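All remarks here apply to the structure that follows.
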Amino acid sequence: QLMPGVHAGDIGPKIGFNNMDNGWCRFTRVRIPRSQMPSRLASVDKDGVFAQHAHDKAGYVTMMELRALMVWDCRDCLARAGAIAVRYSAVRRQGAGNSADKGQREPAVLDYPTQQRRLLPLVATA
């Protein structure tokens, strides 16, 4: 149960970062003792003056590291998806009209040049 004037909520699921749980908190006419305030990055002195402890670039570097990690994770997922697509295309047989009537096996989907042009560059760059 939250105290009167305190409102909190969850931001919701984040793409690729479901293990991170971020939320929000709003205080309306609530007095918090300075000794109980989180003051790792900023503080308020006895006169009510706000002071930031951390350098502005520290938060920027953290944000950029997180974005680089997200790009790296996306690269990994795309590489896996490309491998799955190539494996499926190598196993799946389709086409060749009425070649089954002649006793021939249908060609694998990966045998088609269009499929190769689409998938093989993805595997090469992964």
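Scope of the values below: all heavy atoms of this structure, side chains included, with no hydrogens, waters or symmetry mates. Since this is a predicted model, take the numbers as computed values, not measurements.
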Checklist entry - Quick one: are Val71 and Arg67 in side-chain contact, heavy atoms under 4.5 Å? => result no
Item to check | Pairs where residues 117-126 contributes a residue and the test salt bridge (Lys or Arg N to Asp or Glu O under 4.0 Å) is met, not counting sequence neighbours | outcome: none
Checklist entry - Looking only at heavy atoms, what is the nearest atom pair of Gln116 and Leu110, with distance? => result NE2-O, 2.9 Å
Next on the checklist: So does Val49 get a backbone contact from the side chain of Asp47, meaning a donor-acceptor N/O pair under 3.5 Å?
Outcome noted: no
Checklist entry - Out of curiosity, does Met37 fall in the hydrophobic cluster containing Phe27 (side-chain heavy atoms, cut-off under 4.5 Å, transitive links)? => result yes
Item to check | Exam field: side chain Gln94 to backbone Ala108, donor-acceptor pair closer than 3.5 Å | outcome: no
Checklist entry - Is the CE atom of Met63 crowded by more than 12 outside heavy atoms at less than 6.0 Å? => result yes
Item to check | Distance (rounded to the nearest 0.5 Å) between Arg92 CZ and Gln115 CD | outcome: 11.0 Å
Checklist entry - Within a reach of under 6.0 Å around CH2 of Trp72, are more than 12 heavy atoms found that belong to other residues, nucleotides or ligands? => result no
Checklist entry - Can you check whether His7 reaches Leu2 side chain to side chain, under 4.5 Å on heavy atoms? => result no
Checklist outcome for this item: Contacts of Arg34 meeting salt bridge (charged side-chain N to carboxylate O under 4.0 Å, His left out) (sequence neighbours excluded), chain-then-number -> none
Checklist entry - What's the spacing between Gln52 CD and Phe50 CZ if we round to 0.5 Å? => result 5.0 Å
Checklist entry - Of the non-hydrogen atoms in Val6 and Cys25, which two are nearest, and what is the gap between them? => result CG1-SG, 4.2 Å
Next on the checklist: Just checking Tyr60: does its OH atom have more than 12 heavy atoms from other residues, nucleotides or ligands closer to it than 6.0 angstrom?
Outcome noted: no
Next on the checklist: Within the structure provided, determine whether Leu122 and Leu78 are in side-chain contact (heavy-atom separation under 4.5 Å).
Outcome noted: no
Next on the checklist: How long is the straight-line distance from OH of Tyr112 back to OG of Ser89, given to the nearest 0.5 Å?
Outcome noted: 11.5 Å
Item to check | Atom pair CG (Leu119) and CD1 (Ile84), whose distance is rounded to the nearest 0.5 Å | outcome: 12.0 Å
Item to check | Validation row: Val109, Asp111 side chains within 4.5 angstrom (heavy atoms) | outcome: no
Checklist entry - Would the number of heavy atoms belonging to other residues, nucleotides or ligands and lying under 6.0 Å from CZ of Arg87 be above 12? => result no
Next on the checklist: Under the salt bridge (Lys or Arg N to Asp or Glu O under 4.0 Å) definition, can you give me all pairs with a residue in residues 1-13, not counting sequence neighbours?
Outcome noted: none
